[in-house]
Number of protein chains: 2
Amino acid sequence: MKEIAQSCGVSVATVSKALNGKEDISKATRDRILRKAEEMGYMLNASARALKTNRTYSIGVLFIDSTSAGLAHEYFSEILESFKNTAEESGYDITFISRTISGRPSTFLKHCEYRNFDGVAVISADFADPQIQELITSDLPVVTIDYISGCCPAVVSDNARGLQELVHYAYNKGHRRIAFMHGELTDVTKERMMGFYRACRELGIEPDPAWVTESLYHDMELCAERTAELIALDNRPTCIIFPDDYSYLGSMKVLQDAGLRVPEDISAMGYDGIRLARVIGLTTYRQDTETLGRAACRRLIEKIENPEAMTEQTVVMGRLIEGNTVSTIKVVTGE
Amino acid sequence: MKEIAQSCGVSVATVSKALNGKEDISKATRDRILRKAEEMGYMLNASARALKTNRTYSIGVLFIDSTSAGLAHEYFSEILESFKNTAEESGYDITFISRTISGRPSTFLKHCEYRNFDGVAVISADFADPQIQELITSDLPVVTIDYISGCCPAVVSDNARGLQELVHYAYNKGHRRIAFMHGELTDVTKERMMGFYRACRELGIEPDPAWVTESLYHDMELCAERTAELIALDNRPTCIIFPDDYSYLGSMKVLQDAGLRVPEDISAMGYDGIRLARVIGLTTYRQDTETLGRAACRRLIEKIENPEAMTEQTVVMGRLIEGNTVSTIKVVTGE
DNA sequence: ACGCGCAACGAAATCGATTACGTAGTTCTT
DNA sequence: AAGAACTACGTAATCGATTTCGTTGCGCGT
C-alpha cells in the first residue's frame, strides 16, 4: 500500500479508502489508485486487516465424530460442503477447529480465540464433551447442527417427523409388525424414537419391545448382528427401519443368507437418503443436507452480524424417498 | 500482553519472550509471567503474530471436484481427514481455498496470498483449470495429490501397480477375458490403463478393445449402462474391473436383471477399498488414504520449512483386498 | 471581501505481537 | 580493581492496514 501511495502521489490513508470503496474520495484518484494496485499485483493482507478491524471473516467448524469416521459420512460431508459454499458466497472462509495451538494441546475455545474466528459451527459432535459445552456456551457466535443447546441458534433435521412418515408409509402398505433399529442414544435418536412411538400410537399398533433395538449409526457389522437377532424372533417383524442407509447394507448379507428376499419376504427402510440408497432402490427418508448446511451458515452469519439477535432454532424438513424395498401386504381384517 | 506486563511490572517485550520460551529471561520472572497470563485467561493473537512474523501456520486446501460431489467421496474425505490430523500435530490449521475474497470473485492464488497461507495442498482438482496451474506454479509451497506437475512435490497412489495386481489376481483365478471399465481420462486413469495393458502383456493375454470402455468415476448410472453393453457382447468378458467400488454398486442391478450371479456367472472387481466394499465382500484394490494424506502433509511442511528442498514425488502403495466377487475358473489348456 | 460549507485528502494513532539493539547490573578474570 | 563477559530486561521500530480528526482549497452567497 505504501508503494501504491508513493507511486500515485497520495497517502496510504487515501489508498485504503479507495480500496475499500469509501465515499471520501474523488472518482479520478480512486480510479488511478485501483489501476495502479491492479498493475502492481497488490493484495491486501488479511492479518493486518484482522488485527485492526477485529474481524477475520473466517468461521471455525468443529467436526468431531466419536466414531472416528470424521468426514467420511456422506451426511456430514454433504452438510459441510453446503455450509462451505454458503460461507464462501458471504465472504467467509472456513477452518477446522482443533484442540491444539501451534502444536501444543489446548482447548477448542482457546483455539478459536487464538484464531479470532468470527463465529463457530458445531456439527455432529459429542456434545457431552465438556470442552464442547465450554465452546457453545462461550461469548462467540455459535450455531449447532442436530443439537439444541438453548444458548445458541440451532439447525436440526426433522427427525421425529422422519420416523413418523416412515412408519405411516409402512402401515399404509399393510405392515403392522414394524421394527425400529436405532443408533446410539443421542438427542437425534431420542427424537426419532419419539416419532416412532407417536406414529404407532396414532395408528393404533403396538410394537413388541424386542422390535426396538439399539445399534450404532454407520456400523454395518453391528447392524448385521442385530438384524440376525430380529429375524430369529418368533414374531418376526415384517418391516425393519434401519438406523441409516449404510446400516441396511450391513444387513443385506444376513438377510440373503437367511433366505429372505427383500421386499418379498421382509421389508426394509433406511435413513439419510445417500446417493447409494437411490441406486439400490432403498426406501428411505432423505435428510435435506443442502438446506441444513445453508441454513446453519445463514443463522451463524446473522448471529455474527447481530449478536443480540434471538437465538431461534430452525427445523429442516426431509422427505420420504420411495424405493422398492417395502412390499405391499394384504391386511387381514378382524386381526 | 500490555496488561500482563503492567501487572507484573515488566515490559511487553519481556512478556513476549517469556511466552515464547526464549532464553533471554530469568526463570523467576518467566514463571511469574506465565502464571499471570494463565490466571488472566490471556490468549495471544494469531493475526498480530502473523503480521509480524509473516507466518500464519495455516495451510490452504483446494478440494474442487468437477463432479460437484466435493467432499462426498469417501476417498477424498479420508485423505482430507488424515491430512488434517497430521497438520494438527505439526501445529498447522487448515482452511479451504476458494475463488472469492471477502465475497467478491477472485482467483485461487489471490485468495491464498490474501490469507497468507504458509502452504497449499491441491487434491483431486481439475488440473486443466488455468487458475489451478497458476496456483501450483506460483512461489507458494504446494503439494499436489494424485497429480504430478514437476514443479512441486507430489504424492500419488500406485495406480499402475494397482491395476496390474488386479489383472494378475484375476488371471491366477483362471480369467482370460478381463474387461476394464475406466473413469474419465485423467492422469490417474492413464496410469491405471498403463498398468492394465502392461499386465496383459506380461500374462500374454490380449483384451478385446470392446472390453476397455470409458465411464466416469462414481457415476453409478453411467456404469450401469456400460455394464449392460459389456454383458451384451458376443464374447462377453468373464471378469469386469470397475472404475471404483461405487460404480460396481451401480452395475449390481443390471447384472441381477440379466440373471447373472456374482461371482458364479460373472466376476467383478472394484477400486478404492471403501468401507462398503469390505462389507459386501467386493474384491478391490484399497488405496491407502491414511498414508496419502499424511505423506502429503509431511511433504508440504518440509517444503514450507525448507523451500529450496528437492521437489521429490512420493508413491503410496495400496493393497488388494480379496472378497468373494471373483470366481475360480478352470483353465482349458490349449485354448 | 468575508465567511461558510463541502469535497478531497493527509497525519498520526491504533491494533497486538516480535525482535534487533541498547543498557544496566552482576560475575568473572587476571 | 579495572575491564571483559554475561545476564536480564527495556526501548523502539516494525508488520500492513484502518480510522479519526483534522486541514486545505475551492465555490458560492450576500
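Computed from heavy atoms alone, side chains included, the values below leave out hydrogens, waters and symmetry copies. Throughout, a chain's letter reflects where its sequence line sits, starting with A, and its residues are numbered from 1.
Within the 4.0 angstrom heavy-atom criterion, no nucleotide atom of any strand lies near A:Asn54. If you check every strand for non-hydrogen atoms under 4.0 Å, A:Val10 touches sugar and phosphate atoms only.
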Protein proximity profile, nucleotides 21-28 of chain C - base contact B, sugar-phosphate-only contact S, no contact -, cut-off 4.0 Å on heavy atoms: --------
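Classification of A:Arg35 and A:Asp31 as a salt-bridged pair fails, no side-chain N sitting under 4.0 Å from a carboxylate O. The pair B:Glu302-B:Arg298 does not count as a salt bridge, with every side-chain nitrogen at least 4.0 angstrom from each carboxylate oxygen. Between A:Arg99 and A:Asp129 there is a salt bridge, since a side-chain N of the basic residue sits under 4.0 Å from a carboxylate O of the acidic one.
In this structure, NZ of B:Lys52 is placed 4 Å from C1' of D:dT14, rounded to the nearest angstrom. Rounded to whole Å, atom P of C:dC15 lies 18 Å from atom CG of A:Asn45. Atom CG of A:Leu19 and atom P of D:dG16 are 15 Å apart (whole Å). Between B:Gln6 atom CD and C:dG16 atom P the separation is 13 Å, expressed in whole Å. Here C:dT18 presents its P atom at 11 Å from OH of B:Tyr57, a figure rounded to the nearest Å. Rounding to whole angstrom units, CZ of residue A:Arg55 and C1' of D:dA17 are separated by 16 Å. The CD1 atom of A:Ile4 sits 17 Å away from the C1' atom of C:dG10 (whole-angstrom rounding).
A sub-4.0 Å separation between OP1 or OP2 of D:dT18 and a side-chain N or O of A:Thr53 is absent. Residue B:Ser11 places at least one side-chain N or O closer than 4.0 Å to OP1 or OP2 of D:dG10. For A:Arg49, a side-chain nitrogen or oxygen approaches OP1 or OP2 of D:dT18 to under 4.0 Å.
A donor atom on one side chain and an acceptor atom on the other are found under 3.5 Å apart for B:Tyr217 and B:Thr189. Side-chain polar atoms of B:Arg299 and B:Thr314 form a donor-acceptor pair below 3.5 angstrom.
Along DNA chain D, the nucleotide nearest to B:Glu23 and the one nearest to B:Leu51 differ in position, and the one closer to the 5' end is contacted by B:Glu23. Ranked by how close their nearest DNA chain C nucleotide is to the 5' end, B:Lys22 and B:Ser47 are led by B:Ser47.
Between A:Ala18 and A:Ile25, the shortest heavy-atom contact is N-CD1, 4.2 Å. A pairwise comparison of heavy atoms in A:Thr100 and A:His111 identifies O-CD2, 3.2 Å as the closest pair. Of all heavy-atom pairs between B:Phe127 and B:Thr144, the closest is CE2-CG2, 4.0 Å.
Side-chain contact between A:Arg49 and B:Ser102: present, with at least one pair of heavy atoms (C-beta onward) separated by less than 4.5 Å.
The stretch residues 26-44 of chain A touches DNA chain D through A:Tyr42, A:Met43, A:Leu44, each having a heavy atom within less than 4.0 Å of the strand.
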